[in-house]
Amino acid sequence: MARTILVYAERRDGALRRVAFEALGAARRLAGDDGTVHAVIAASGGAAAGAAEDAAALAARGADVVHIADDPALGAYAPEAYASMLGAAIEAVRPDALLLGHTASGRELAPRVAAACSAGHIADVIAIHKDGEGDDISFTAPLYAGKALQRRAFAHGVMWVVTVRPNNLPPAEALPEGGKTGSVVELRFTAPTLLTTLRGIVRKTSGAIDLAEADIVVAGGRGVRSAAGFEPLQALAKALGGAVGASRAACDAGYCDYSMQIGQTGKVVTPKLYIACGISGAIQHLAGMNQSKTIIAINKDPDAPIFSIADYGIVGDLFEVVPLFLEEVQRLRP
Ligand code: FAD
């Protein structure tokens with residue numbers, strides 16, 4: 001079945017987020033060979049803000065039409081402006097489905113847009129299935145803080161609004177060179193009066209790698225014992241090209257900032273490799289990382305629950321194991 005799919009290709013700091021390409025890959029599969037994939041990007045300042053380059057990147061990876069909404073109201077994230085922009089894109093495209101990344105803004109926009117369009121909404125999708133011989137589509141999403149997975153499908157005749165969890169679905173691949181690439185058009189919309197204005201942003205993390213999209217995460221828990229105790233973890237993460245995360249207990253103890261918290265009330269991560277250091281494995285922590293592809297746990301308690309979900313467990317003192325790990329990484333990747 002041919003579908004028309006619209007992707008909200010989220011940008012941050014003037015660049016497309018990786019999840020935008022993952023949503024685009026999912027859109028291409030959902031659209032089918034004869035379907036159409038549209039992407040919409042928000043910009044303020046047009047080419048100066050890199051929108052044209054980002055549109056070209058989306059077109060080169062399978063977007064048939066890329067809509068650029070360029071308006072001063074989109075300069076800083078304002079939910080009412082972005083929801084209105086998506087509403088205009090839906091009006092222009094009349095899609096069967098809207099896909100967004102399950103990011104902070106995607107989580108906020110998806111239900112707003114779904115409600116405004118009387119669409120169905122499935123959030124935090126980690127897998128998409130084609131069921132049976134036909135073309136019925138269902139979606140897997142975690143439930144009860146990751147304790148269970150649910151598989152849901154939309155009722156017939158409704159528009160779909162779906163958020164996809166970063167790092168779970170394969171990104172759209174570049175189209176063969178010389179082949180057909182998509183077109184870029186302007187999306188006109190009337191920005192609503194903003195109810196709040198952004199005066200400034202104070203960043204709490206300076207790490208170049210976004211924790212939610214990192215391929216490798218080195219996380220520390222209460223077992224790290226102090227802010228200084230995080231230094232070996234930071235060195236290991238740097239050597240591996242990863243990001244540093246933490247359990248809530250480590251944040252509560254003041255060893256690190258809450259922006260690093262992973263879990264039910266923190267960030268959800270799905271890296272290729274998760275290294276848990278001095279983390280016991282409470283269910284609320286697992287909710288934020290149990291879909292990681294490979295989990296290594298370092299804990300001195302052989303009965304720590306984290307070992308029940310770890311692919312590799314190291315029973316030992318993290319202050320001895322992490323430096324050895326780092327030494328080995330540096331030997332292999334000088
Ligand atoms: P602990 O449970 O104290 O474990 C420390 C571990 O370190 C132990 O297993 C110990 O054996 C090991 N250790 C100690 N020293 C060493 C050493 N030198 N070398 C190796 N291992 C060592 N937690 C989250 O993480 N994220 C959340 O989002 C979250 N949300 C929550 C929401 C609610 C509503 C509630 C009630 C709780 C939430 N929690 C969350 C808290 C959660 O229940 C746990 O308390 C917390 O995850 C424990 O963190 P921890 O594993 O670092 O600490």
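Just follow the structure's listing: the first ligand is 1, and inside any ligand the first atom is 1. Keep in mind the model is a prediction, meaning the values are calculated, not measured.
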Item to check | For atom 13 (N) of ligand 1, closest protein heavy-atom neighbour | outcome: G223 CA, 3.7 Å

Next on the checklist: Give me the residue, atom name and distance of the protein heavy atom closest to atom 31 (C) of ligand 1.
Outcome noted: R248 NH1, 3.1 Å

Checklist entry - Short check: is a protein heavy atom less than 4.0 Å from atom 45 (O) of ligand 1? => result no

Next on the checklist: Distance alone, cut at 3.5 Å: any donor-acceptor contact between the side chains of N168 and T270?
Outcome noted: yes

Checklist entry - Which of the atoms in ligand 1, numbered in the order shown and given with their element, are less than 4.0 Å from a heavy-atom of Q261? => result 26 (N), 27 (C), 28 (O), 29 (C)

Item to check | Atoms of ligand 1, numbered as shown, that sit under 4.0 Å from any heavy atom of Q264 | outcome: 27 (C), 28 (O)

Checklist entry - Got the closest protein heavy atom to atom 1 (P) of ligand 1, with its distance? => result S280 OG, 3.6 Å

Next on the checklist: Are the side chains of L286 and I309 in contact, using a 4.5 Å heavy-atom criterion?
Outcome noted: yes

Checklist entry - Does a donor on one side chain sit under 3.5 Å from an acceptor on the other, for H38 and T4? => result no

Next on the checklist: Under a 4.0 angstrom heavy-atom cut-off, which atoms of ligand 1 come close to G316?
Outcome noted: 19 (N), 20 (C)

Checklist outcome for this item: ligand 1 to G263, heavy atom cutoff 4.0 Å, flagged ligand atoms 26 (N), 27 (C), 28 (O)

Item to check | ligand 1-proximal atoms of I262, by part, heavy-atom distance under 4.0 Å | outcome: backbone

Checklist entry - Counting each atom of ligand 1 from 1 as listed, which ones have a heavy atom of A282 under 4.0 Å away? => result 42 (C), 43 (O), 44 (C), 47 (O)

Checklist entry - What atoms of ligand 1 come closer than 4.0 angstrom to any heavy atom of T265? => result 27 (C), 28 (O), 29 (C), 30 (N), 31 (C), 32 (C)

Next on the checklist: Closer than 4.0 Å to some heavy atom of G266 - which atoms of ligand 1 meet that?
Outcome noted: 28 (O)

Next on the checklist: Could you identify the single nearest non-hydrogen protein atom to atom 21 (N) of ligand 1 and state the distance to 0.1 Å?
Outcome noted: K300 N, 3.2 Å

Next on the checklist: I need the single residue from V113, I41, L100, T163 that forms a side chain to side chain contact (heavy atoms under 4.5 Å, CB included) with Y8. Which is it?
Outcome noted: L100

Item to check | Test item: side-chain donor near acceptor, S138 and R151, under 3.5 Å | outcome: yes

Checklist outcome for this item: Heavy-atom closest pair (V161 atom, A119 atom, distance to 0.1 Å) is CG2-CB, 3.8 Å

Checklist entry - When you check the side-chain N and O atoms of S105 and E10, is any donor under 3.5 Å from an acceptor? => result yes

Item to check | Proximal ligand 1 atoms for G221, defined as those under 4.0 Å from one of its heavy atoms | outcome: 52 (O)

Checklist entry - Is it true that K130 and D136 make a salt bridge, defined as a side-chain N closer than 4.0 Å to a carboxylate O? => result no

Checklist entry - Does an N or O from F319, backbone or side chain, lie closer than 3.5 Å to an N or O of ligand 1? => result no

Item to check | Presence of salt bridge, R17 and E213, under 4.0 angstrom | outcome: yes

Next on the checklist: To check your reading of the model: name the closest protein heavy atom to atom 9 (O) of ligand 1, its residue, and the distance in Å.
Outcome noted: N299 ND2, 2.9 Å

Next on the checklist: With nothing but distance in play, are any N or O atoms of G278 less than 3.5 Å from an N or O of ligand 1?
Outcome noted: yes

Item to check | Any side-chain heavy-atom pair of Y77 and L198 under 4.5 Å | outcome: no

Item to check | N-O pairing of D70 and R188 below 4.0 Å | outcome: no

Checklist entry - When you measure from atom 19 (N) of ligand 1 to every protein heavy atom, which one gives the shortest distance, and what is it? => result L318 N, 2.9 Å

Item to check | Closest protein heavy atom to atom 52 (O) of ligand 1, given as residue, atom name and distance to 0.1 Å | outcome: S247 OG, 2.6 Å

Item to check | Considering all heavy atoms, the nearest P305-G281 contact | outcome: CB-O, 3.8 Å

Checklist entry - Quick one: nearest non-hydrogen protein atom to atom 36 (C) of ligand 1, plus distance? => result Q284 NE2, 3.9 Å

Item to check | Closest to atom 18 (N) of ligand 1 (judged by heavy-atom distance), picking from D317, I283, V321 | outcome: D317

Checklist entry - Have E80 and S84 got a donor and an acceptor in their side chains that come within less than 3.5 Å? => result no

